[in-house]
Amino acid sequence: MNEYADIISRIDAVEIVVFVIYVMIMMGFGVYFFVKSKGGGEREYYLGNREMGPWVSALSTGTSDMSAWVLMGLPGAIYWFGMSRAWIAIGLALGYILSWIFIAPRLRQFSIMAKDSITLPQFFTNRFLTDSKLLQCICAAVFIVAFTAYSIAHIVVCGVLFNLVFGMEETNGMILGAVLIIFYTFLGGFKGVSVSDFFQGGLMLLALMAAPFFALFALDPGAFGETVFRENYWNFLSSGYFDWESISHILTGFGWGLGYFGMPHIVVRYMAIRKQREVKKSAAIAIAWNLLILSASVGAGILGYVHFGDVLGAPGAAGAGGGETVFILMSRAIFPAIISGVLLSAILSAAMSSTDSKLLVSSSSFVADIYKPFIHPEANKTEMIWIGRLVVVIIALIATLIALTPGRGTIMGIVGNAWGVFGAAFGPSMLLALYWKRFNLAGAITGILTGTIVAVLWIIVPPLAATGIFGIVPAFFISLIAAIAATLATKEPPAEVEKLFEQALALKD
């Protein structure tokens, strides 16, 4: 316990200097791309003019997905609950691979043919060649609510991190983190976010590979035998038996994978890939990065338990985040300050790279799907970009106020709720839009509304939440059935919509 207390309370000047240098570099990215992108329009600010090469596309996709929860939330769950939570990593890996295979190639083609769509709501609307803005409004509303929840989780991460590195109060750390995120998202736009995410993705991978690797060699081999592991720690079945508790954890793990089919901040990266022929290369890089990150995250949780035992408590417990600080404390315990400073920067990197993506997608959706169609149809490109930047600030401020509220939940819990809503709302309709020519607007609206409602009910209705199943699992399949039923119950899409479908499949560039 004394070792833990010393590590958590350590304030090191070298660590602080490294951390500050990293923050300054990230802010420099924002300023550089702000100056460089002057005169560009919405397509430049929100989609980088579809100029993202395979390496930037791959790592930007990964870092916008694998946020700080993969450095804190998932290791914390593995640390405390053991291998039964590794199903989350397995489900995510499988879902990510399938998304790159089945969503990325077609979405890039279809988004170009669908009037060069720059947002997911635009894509759905343009896919059906409709003048109705109902679908765009529904999508934008879901985006803003769910992305605010995501931002809450990452602002909490900043609070914990600044508390440990600088010794400042967590509340002040959250405010500082929000300011930094707003600054470089506000200035940089999609290209700035994506290019900085490329470097942050490398840093995240370095951190997650280094900490468990060196921990393994730093520990006495007898430590595994001496550590008193929690009951069924090594068992993939949480109870030790193939009962409902274990089945629910397995289903929940695979449910995380379902989210990739409709996660807006991820699929927008597919739309921005420079050339169709580069999709496969991007996929190979992204999948390799994803598998390494998830494996290392699980390893960090296990080795953290060997090092600290039960000292840190369950995720969300008192003491700067409980088990969710295991990666931070393990890095400090193993490495000198100059190295631990880099590894702790990786956590801020993960929080920033994910939050900036989500804020940008929320902003683009509001501007393109609500502001211009309904509030100011004559808005020019400069006005659109500045309104979008204002929305970034507003969402971040709301998220910060909520993050400062007691009882907000664990990092993993907050992220899981937002992930479930997004995946259930958009995943089924995305698959149908890309693979079923008969799919129509009524089906898309029904599927998105149904998925959202069921996922939210699974969060707020105690008997449903008590089943132990991640809400995305039932919500995804209920949404899929509802979308198919609504499509078959209504008229076939016009001939020109079916023609667009065929043209998209034939697109080469």
Looking at [atom1] of [X] and [atom2] of [Y], how far apart are the two atoms once the value is rounded to the nearest 0.5 Å?
X	Y	atom1	atom2	answer
I287	S282	CD1	OG	10.5 Å
L161	H154	CG	NE2	13.0 Å
T130	F124	OG1	CZ	14.0 Å
R127	F501	CZ	CZ	6.0 Å
I481	T446	CD1	OG1	13.5 Å
I285	N290	CD1	CG	13.5 Å

For a quick check under 3.5 Å, do S111 and Y270 share a side-chain donor-acceptor pair by atom type?
no
Any chance the side chains of H249 and S238 put a donor and an acceptor closer than 3.5 Å?
yes
Determine, stepwise, if the pair K372 / I387 fulfils side chain to side chain contact (heavy atoms under 4.5 Å, CB included).
CA-CA 10 Å; K372 186 160 188 174; I387 291 295; over 6 Å; no
Would you call [X] and [Y] a side-chain contact if the rule is heavy atoms closer than 4.5 Å?
X	Y	answer
I469	L464	no
L129	P494	no
R85	W80	no
L432	L480	yes
L505	F110	yes
L434	F123	yes
V456	V421	yes
Q503	K499	yes

Please assess E378 against H376 for the test side chain to side chain contact (heavy atoms under 4.5 Å, CB included), listing each intermediate value before the final yes or no.
CA-CA 5 Å; E378 304 304 318; H376 193 188; 3.9 Å; yes
Cation-pi geometry met for R106 and Y435 (6.0 Å, 45°)
yes
Hey, what's the ring geometry for Y96 with W100, parallel, tilted or perpendicular (30° and 60° as the breaks)?
perpendicular
Taking [X] for the side chain and [Y] for the main chain, is one N or O donor matched with an acceptor at less than 3.5 Å?
X	Y	result
S429	G447	no
Q136	P121	no
T405	I402	yes
S248	E245	yes

Would you check, one step at a time, whether the test side chain to side chain contact (heavy atoms under 4.5 Å, CB included) holds for M72 with V160?
CA-CA 10 Å; M72 294 182 67; V160 172; 3.9 Å; yes
Of all heavy-atom pairs between [X] and [Y], which one has the smallest distance, and what is that distance?
X	Y	result
P428	G423	CD-O, 3.6 Å
A424	I472	N-CG1, 3.9 Å
A178	I155	CB-CD1, 4.2 Å
T487	N440	OG1-OD1, 3.5 Å
A86	I78	N-CD1, 3.5 Å
A465	I459	CB-O, 4.3 Å

Quick one: do L294 and I88 satisfy side chain to side chain contact (heavy atoms under 4.5 Å, CB included)? Show the steps, please.
CA-CA 9 Å; L294 289 170; I88 295 174; over 6 Å; no
Among W419, F143, F261, find the one that has a ring-ring contact (aromatic ring centres under 6.0 Å, His included) with F426.
F143
Steps toward ring-ring contact (aromatic ring centres under 6.0 Å, His included) verdict (F102, Y260)
CA-CA 11 Å; F102 293 107; Y260 281 115; over 10 Å; no
Please step through ring-ring contact (aromatic ring centres under 6.0 Å, His included) for the pair F147 and F422, ending with a clear verdict.
CA-CA 9 Å; F147 277 138; F422 270 139; 4.5 Å; yes
Inter- and intrachain pairs under ring pair (Phe, Tyr, Trp, His ring centres under 6.0 Å), touching residues 461-490, at least two apart:
W256-F470
What residues form a ring-ring contact (aromatic ring centres under 6.0 Å, His included) with F366, not counting sequence neighbours?
none
Which residues share a ring-ring contact (aromatic ring centres under 6.0 Å, His included) with F254, sequence neighbours left out
W87
